[in-house]
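What follows is a short report on a single structure.
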4 protein chains.
Amino acid sequence: MEYNTKQIQIIEVAERLFADKGFAGTSVRDIAQEANVNVSMISYYFGSKEKLIEALFAMRMGESRSRMETLLSNEDLIPIQKINILIDSAIDRLMGNQCFHNIMMREQLSSERTPTISEHIRTLKMRNIQLMQKLIEEGQAQGAFRKNIDLSLMTTTLYGTINYAIATQEFYKRINGLEDMEEAEFQTHLRRKLSQHLKSLFKSTVTNEHHNQD
Amino acid sequence: MEYNTKQIQIIEVAERLFADKGFAGTSVRDIAQEANVNVSMISYYFGSKEKLIEALFAMRMGESRSRMETLLSNEDLIPIQKINILIDSAIDRLMGNQCFHNIMMREQLSSERTPTISEHIRTLKMRNIQLMQKLIEEGQAQGAFRKNIDLSLMTTTLYGTINYAIATQEFYKRINGLEDMEEAEFQTHLRRKLSQHLKSLFKSTVTNEHHNQD
Amino acid sequence: MEYNTKQIQIIEVAERLFADKGFAGTSVRDIAQEANVNVSMISYYFGSKEKLIEALFAMRMGESRSRMETLLSNEDLIPIQKINILIDSAIDRLMGNQCFHNIMMREQLSSERTPTISEHIRTLKMRNIQLMQKLIEEGQAQGAFRKNIDLSLMTTTLYGTINYAIATQEFYKRINGLEDMEEAEFQTHLRRKLSQHLKSLFKSTVTNEHHNQD
Amino acid sequence: MEYNTKQIQIIEVAERLFADKGFAGTSVRDIAQEANVNVSMISYYFGSKEKLIEALFAMRMGESRSRMETLLSNEDLIPIQKINILIDSAIDRLMGNQCFHNIMMREQLSSERTPTISEHIRTLKMRNIQLMQKLIEEGQAQGAFRKNIDLSLMTTTLYGTINYAIATQEFYKRINGLEDMEEAEFQTHLRRKLSQHLKSLFKSTVTNEHHNQD
DNA sequence: CATGAATGAGAATTCATTCAT
DNA sequence: AATGAATGAATTCTCATTCAT
């Protein structure tokens, strides 16, 4: 599905508003107004508000992909390096699309998911977990990673930590006395901190070195 | 503020629906209907839908507390044991009040927070992080924990992982082939898995043993 | 009909609020709250909101009266003196019960009058016009007043002027630079001005002196 | 602001109902029903019930004006003739827009005025009083009018009398045995009577002839 | 292809009154 | 005799969508 300029404009405004106020909390009028289009355009272009959010998912899902897969097939990298690439890639994806991932988080909190959207989310999560699995199994095969790693919970920790960090970034600022930091600078700062934190976390946990299991 | 039986009944229904469909996505009619009360009772008892969710927060915040603090002042426990207690306590609290913590998560995703609620959340998060800080500093003082621990991100990982695990539990079921497990049993299973995972994660990360920083 | 203390308290609060915000614009809750009584007291004591305003009319109508009639039967007074007494008496009555007369004015503006209230108002107006008629006829009989006086319009001017002056007193203050005058003082000032104005108006108009009709 | 046919239709129905039953006493449903439009049209066109009455004021205020000003700048007229024109003009305006002036009277009786409307009323009253002032000062300059004329109270008498006459016209009919007179004829009759009455009143009061002040 | 006008359903809240005690 | 609890009707307004052009 290809979208024209006006449609993309609407989708992007909708994305921001859905992230800010939730799907139900955002009216098509809000969207139309901020996107400088007529209210009836939303129904006209997308059919309904429901279909609009589906279009948003369709668009955003079509984007990402690929780039990383090539990186990870590089045979020169040792397992922990690949994990680190995975971590940075996740941070980049989530922090670079905060609005969209905010919406995705909300959707996962809901019991009222649209089948289409649920499917999108499931696909994405599947892809994420399979990638993780591949890397971990590689590491295990090379004897670099320990055996009993809870794959789904490691993934949960990865995405849970990033998502939660994004959701609570204002609190993080306050706690760490960064209220006055320029926004762009803060985003960079948070990415770096998250990167260090998660890499350290994963390294200690998945590698075989001196680890004594409880 | 004390609430009578009917008020509590309303609050509990509201809690479930807000968790399921979000605040804006839940109408007072929905709540009234499921709680088997007249629609106007919500305004009558709480003043407004807004005040109702505030009452929910007031009630739930008034509960928790204390129990744990005594546990952690026990001097017989070594640092990592206290951390483990903290982890189990967090899992218990979040998994035992999934609806409420779902709502809290939603609130944190929103830019449109009510001041009262924001304050509640801030208080709660402050309490959590301070407890973590106390335990970690204790462990560091005893030489059991390593020095450079990112306090706020460790907390983020703790709560982020649990929240995300709860939000994606259906996916977890499917991935791990647990679709047929009895619900109660699954909850227990998930708690135990989370407990093991987080304890292992924290142990590897915070303890001093052979850790080589990157 | 006799009213007990609490009933009178309610009536008086209602009078003030009806004057301020109109009958429909005032809720029984407003009244109950300001009168420090339970909401259900209004229905309990008066039967309904409608009946409450009827009770107000009944009470206020029962008051006034008499005092003036004796004054005007005094045979030592010349016609214009009696007219002046009538004017001052009207000013006193209207300005001393601004709330009630505000309500009465509102009722006259309405097409939705309760029969009871309409009847009260008619009675009152009848009494007023008959008194005016008596005085004017006396003056005419004595040759002091001119013949062709429009009785009902003279009465209209008397009450219309006072009512309008009361309704627009804030504007009067501003126009005459009296914003800073103490309220009580202003009331006295306005009464005196109105008195002078109306007496002068009536004297010029009703007396026979050199009047040349158009 | 220009209003389309349907909007004007709504405004006119609203005007009549607000005059009949007051602002608070009139529901948007009443208006919609009588105007044969959908209830939501009122919000759609005007934003709110509040804004609707503001639109009414805006429309009615935009009308009147000017016509009279030219009349009064005619130098051939002697002062008392100009006063008479002013009187007739006031009668025409108020009696020709009874509904609107009824609403304006109600607004003046209220403490809960919308700023916009208060401003309109203030403007109108200011214009009225300034016109009166101009005429009276002209008359005084020519020696035709006496010196100590209470400007604001003369204006009060003018508008107070007309307003009160309109408000009590049913009573007037009854008193003067005009119940059976055709409505249009009665309106003409009342205008003529008011005109005579007020002209006579003003002439006696403001002209210098033989007036002896008390 | 695009849009302004229009709408009916549903939103939250307030209302005067009633009822059980 | 008095009152707190409760209620259903009615309030204004917003909503997503449709329709005629």
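Quick note on labels: first sequence line is chain A, next is B, and so on, each numbered from 1.
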### Task
Report yes or no: does D:N4 contribute a side-chain atom to a donor-acceptor pair with the main-chain N or O of D:Q7 at less than 3.5 Å?
yes
### Message
What is the distance, to the nearest angstrom, from the CD atom on A:Q33 to the C1' atom on F:dC15?
### Response
15 Å
### Message
Below 4.0 angstrom, which residues in residues 11-23 of chain A have at least one non-hydrogen atom near DNA chain F?
### Response
none
Pairs under 3.5 angstrom, nitrogen or oxygen only, protein versus nucleotides 17-21 of chain E, please.
unit_1: E:dT17; atom_1: OP2; unit_2: C:K49; atom_2: N; d: 2.9

### Query
Which whole-number value in Å describes the distance from B:N36 CG to F:dA6 C1'?
15 Å
### Query
Taking CG from B:D30 and P from E:dT13, how many angstroms apart are they, rounded to a whole number?
14 Å
## Note on the structure
Here the distance between atom P of F:dA6 and atom CD of B:Q9, to the nearest Å, is 11 Å
### Query
Could you state the CD1-P distance from B:I31 to E:dA11, rounded to the nearest angstrom?
11 Å
### Message
Checking side-chain polar atoms at under 3.5 Å, does D:R106 have a donor or acceptor matched by the opposite partner on C:S110?
### Response
yes
### Query
With sequence neighbours left out, what residues match D:T114 under side-chain hydrogen bond (donor to acceptor under 3.5 Å, both in side chains)?
D:E50
### Summary
The answer to which of B:N4 and C:N4 contacts DNA chain F further toward the 5' end, by nearest nucleotide, is C:N4
### Query
CD1 of B:I8 to CG of B:L56: how many Å apart, nearest 0.5 Å?
12.0 Å
Under 3.5 Å, side-chain donor or acceptor atoms of residues 37-45 of chain C against the rest of the protein: list the pairs with distances, not counting sequence neighbours.
unit_1: C:N38; atom_1: OD1; unit_2: C:S40; atom_2: N; d: 2.9
unit_1: C:N38; atom_1: OD1; unit_2: C:S40; atom_2: OG; d: 2.6

### Task
Run the ring-centre check on C:F18 versus C:F100 and record whether the distance is less than 6.0 Å.
no
### Query
Please give, in whole Å, the distance from F:dT12 P to D:K51 NZ?
16 Å
### Query
To the nearest angstrom, how far is A:Q7 atom CD from E:dC1 atom C1'?
12 Å
### Task
May I ask you to verify if any side-chain N or O of C:S27 is less than 4.0 angstrom from the OP1 or OP2 atom of E:dT14?
no
### Query
Side-chain N or O of C:Y45 less than 4.0 angstrom from OP1 or OP2 on F:dA1?
no
### Task
Looking at every strand, decide which applies to D:K6 at a 4.0 Å heavy-atom threshold: base, sugar-phosphate, or nothing.
sugar-phosphate
#### Entry: Range-with-range stems for DNA chain E, at least three Watson-Crick or G-U pairs under 3.5 Å
E:2-21 with F:2-21
### Any donor-acceptor N/O pair, C:Q9 side chain to C:A35 backbone, under 3.5 Å
yes
### Query
Between D:E107 and D:R113, is there a donor-acceptor pair closer than 3.5 Å when you use the side chain of the first and the backbone of the second?
no
### Pair C:E54 + C:K51, salt bridge at N-O below 4.0 Å
no
Could you go through residues 19-26 of chain C and list every donor-acceptor pair under 3.5 Å that involves a side-chain atom there, pairing it with any protein atom two or more places apart or in another chain?
unit_1: C:K21; atom_1: NZ; unit_2: C:D30; atom_2: OD2; d: 3.0
unit_1: C:T26; atom_1: OG1; unit_2: C:L17; atom_2: O; d: 3.2
unit_1: C:T26; atom_1: OG1; unit_2: C:G22; atom_2: O; d: 2.7

### Query
Mind checking whether D:Y3 and D:F46 have parallel, tilted or perpendicular rings, split at 30° and 60°?
tilted
